[in-house]
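Some notes on the structure that comes next.
Quick caveat: nothing in here was measured; it's all calculated off a predicted structure. What's counted below: heavy atoms across the whole structure, side chains too, no hydrogens, waters or symmetry copies.
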Amino acid sequence: MIPKFSIITVTYNAEASIEATIDSVVGQNYNDFEYIIVDGASTDRTMALLNPYKKQINALVSEKDDGLYHAMNKGIQIAKGEFLLFLNAGDRFLDNSVLKEVDTAISSKTRIISADFINVKQEGAMNGRHIYTKACTLQNLKKDFVACHQTVFIHRDVVSTYDLSYKILADYKWVVQASLRCMPDSIEHLKKPIVYYLDGGISAQHVRQNLIERIRLHQELFGRMQVLINTPNYLRRVLRELKRILL
């Protein structure tokens, strides 16, 4: 029987954070999901920490890869679920009822469903800033990545692999490509947070590369005119990131 959800966690040397992520998944009060972990041949204690959970992990791969998005593509190849979600080491479901709530919100026509998140600064923190996101419609995505990758569930009918030529924003392109395959009424949004998202991912660490890839993505998928329209957004993003770094 095909599970409703495939929850995929990608790890590499994540001994400080992997247990909290796993606990938030296996502790769900909803059973119709599979859990997949793709490890990049960690050299720390990550794999040892996974041992107690092996009965609750449906698929576990540990081998060298070519980076985060290559590992995610491995997860897609393994996944059997109707909807795919990537919840990486350091990120956690907000509580034990997340999957049940998402399932309740899904209809037979749903192909993408996303939600808000809580941005936290430290591993295991429970307090953070509620980030309000928007539905992953093309109209919204043309302007910016209006969602959090870790809260976007995508139906396997519209899912694609990650474009490895993007080193930082392959997740943004992944969501746009899914949206391009959807009717507008098949895209849903939960106006509540479902994930604690640990600040400081690769996108936040490389401001210049982030901007270059963002402009490239907008031109590739939406055209040069959209790049011009988005110019004020690019400037605001750079200023916001610089302020965050300086503070």
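- Under the 4.5 Å side-chain heavy-atom criterion for Ile, Leu, Val, Met, Phe, Trp and Tyr, W174 and L180 are members of the same hydrophobic cluster.
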Apply the test side-chain hydrogen bond (donor to acceptor under 3.5 Å, both in side chains) to residues T46 and E15: give CA-CA distance (whole Å), side-chain angles for both, the deciding distance (0.1 Å), then the verdict. CA-CA 5 Å; T46 296; E15 64 180 12; 5.8 Å; no
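- For the atom pair CD1 of I57 and CD1 of I7, the computed distance is 13.5 Å after rounding to the nearest 0.5 Å.
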Salt bridge (charged side-chain N to carboxylate O under 4.0 Å, His left out), that's the test. Do D116 and K191 meet it? Break it down for me. CA-CA 6 Å; D116 297 345; K191 295 182 179 179; over 6 Å; no
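- A salt bridge between R92 and D23 is absent, with no side-chain N of the basic residue lying under 4.0 Å from a carboxylate O of the acidic one.
- R111 places no side-chain N or O within donor-acceptor distance of the main-chain N or O of V158, the cut-off being under 3.5 Å.
- I8 is not listed as a side-chain neighbour of L87, based on a closest heavy-atom distance of 4.5 Å or more.
- Residues Y12 and V38 do not share a hydrophobic cluster, clusters being chains of Ile/Leu/Val/Met/Phe/Trp/Tyr side chains in contact below 4.5 Å.
- Taking all atoms of both residues into account, the shortest heavy-atom contact from N140 to K134 is ND2-CB, 3.8 Å.
- Of the possible polar contacts, one joining the D39 side chain to the S42 backbone as a donor-acceptor pair under 3.5 Å is found.
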One pair to check against side chain to side chain contact (heavy atoms under 4.5 Å, CB included): L60 and M47. What are the steps and the verdict? CA-CA 10 Å; L60 173 60; M47 291 305 295; 3.9 Å; yes
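- By the 4.5 Å heavy-atom criterion applied to side chains, I215 and Y234 are counted as neighbours.
- Q139 CD: 12 or fewer foreign heavy atoms inside a 6.0 Å radius.
- A distance of 13.5 Å separates NE2 in H155 from CD1 in I187, rounded to the nearest 0.5 Å.
- The side chain to side chain contact (heavy atoms under 4.5 Å, CB included) search around K173 returns D163, Y166, Q177, L217, E220, L221, not counting sequence neighbours.
- Under the 4.5 Å side-chain criterion, counting only non-hydrogen atoms from C-beta, I37 is in contact with L50.
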The test is side chain to side chain contact (heavy atoms under 4.5 Å, CB included); show your working for Q219 and Q226 and say whether it passes. CA-CA 7 Å; Q219 180 166 324; Q226 191 63 46; over 6 Å; no
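- Side-chain atoms of Q150 and D91 form a donor-acceptor pair, as typed in the model, at a separation below 3.5 Å.
- Evaluation of the ring pair (Phe, Tyr, Trp, His ring centres under 6.0 Å) test over residues 37-60, restricted to residues two or more places apart or in two chains, returns none.
- To the nearest 0.5 Å, atom CG of residue D32 and atom CE of residue M1 are 5.5 Å apart.
- Closest heavy-atom contact between C136 and L141: O-CD1, 3.5 Å.
- Under the 4.5 Å side-chain criterion, counting only non-hydrogen atoms from C-beta, L94 is in contact with I118.
- Environment of NZ in K4: crowded, with over 12 heavy atoms of neighbouring residues, nucleotides or ligands closer than 6.0 Å.
- Between R181 and S160, the closest side-chain pair of non-hydrogen atoms falls below 4.5 Å.
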Salt bridge (charged side-chain N to carboxylate O under 4.0 Å, His left out) between R214 and D144, intermediate numbers included: CA-CA 8 Å; R214 195 171 298 273; D144 207 343; 2.6 Å; yes
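- A donor-acceptor pair under 3.5 Å links the side-chain atoms of H189 to the main chain of T133, judged by distance alone.
- In summary, the side chains of S165 and R216 do present a donor paired with an acceptor at a separation below 3.5 Å, with no hydrogens or angles considered.
- Atom CG of L211 is separated from atom CG of L169 by 9.5 Å, given to the nearest 0.5 angstrom.
- Closest non-hydrogen pair, N88 versus M72, comes out as ND2-CE, 3.0 Å.
- The aromatic ring centres of H218 and Y172 sit less than 6.0 Å apart.
- C182 places a side-chain heavy atom less than 4.5 Å from the side chain of I112.
- Within a 6.0 Å sphere centred on CG of N127, heavy atoms belonging to other residues, nucleotides or ligands number 12 at most.
- Nearest heavy-atom pair across T21 and G90 is OG1-N, 2.9 Å.
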Would you please test V98 and K100 for side chain to side chain contact (heavy atoms under 4.5 Å, CB included) and show each step? CA-CA 5 Å; V98 166; K100 182 180 288 185; over 6 Å; no
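- Distance alone, capped at 3.5 Å, is enough to place a donor-acceptor pair between the T151 side chain and the A115 backbone.
- Applying the side chain to side chain contact (heavy atoms under 4.5 Å, CB included) rule to N73 yields the partners I76, T161, Y162, L164; only residues at least two apart in sequence or on another chain are considered.
- A donor and an acceptor atom, one from each side chain of Y30 and S97, are nowhere located under 3.5 Å apart.
- N51 and K54 share a side-chain donor-acceptor pair at under 3.5 Å.
- Scanning both residues, V152 and S114, for their nearest heavy atoms gives CG2-CB, 4.0 Å.
- Checking side-chain atoms of N58 against main-chain N and O of Y35 turns up a donor-acceptor pair under 3.5 Å.
- F153 pairs in a ring pair (Phe, Tyr, Trp, His ring centres under 6.0 Å) with only one of the listed residues (F86, F83, F5), which is F5.
- With hydrophobic clusters built from ILVMFWY side chains whose heavy atoms lie under 4.5 angstrom apart, I154 shares a cluster with L138.
- Between T43 and N13, the side chains place a donor N or O and an acceptor N or O closer than 3.5 Å (distance only, hydrogens not considered).
- Here the CG atom belonging to N210 is positioned 12.0 Å from the CZ atom belonging to R208, to the nearest 0.5 angstrom.
- E34 contributes a side-chain N or O that, together with a main-chain N or O of K80, makes up a donor-acceptor pair within less than 3.5 Å.
- Side-chain contact between Y196 and L198 is absent, with no heavy-atom pair separated by less than 4.5 Å.
- The side-chain heavy atoms of D65 and V10, taken from C-beta on, include no pair separated by under 4.5 Å.
- The shortest non-hydrogen separation linking D185 to K109 is O-CE, 3.5 Å.
- In this structure, the side chain of T110 does not engage the main chain of S186 through any donor-acceptor pair within 3.5 Å.
- Between the side chain of Q28 and the backbone N or O of L99, at least one donor-acceptor pair lies under 3.5 Å.
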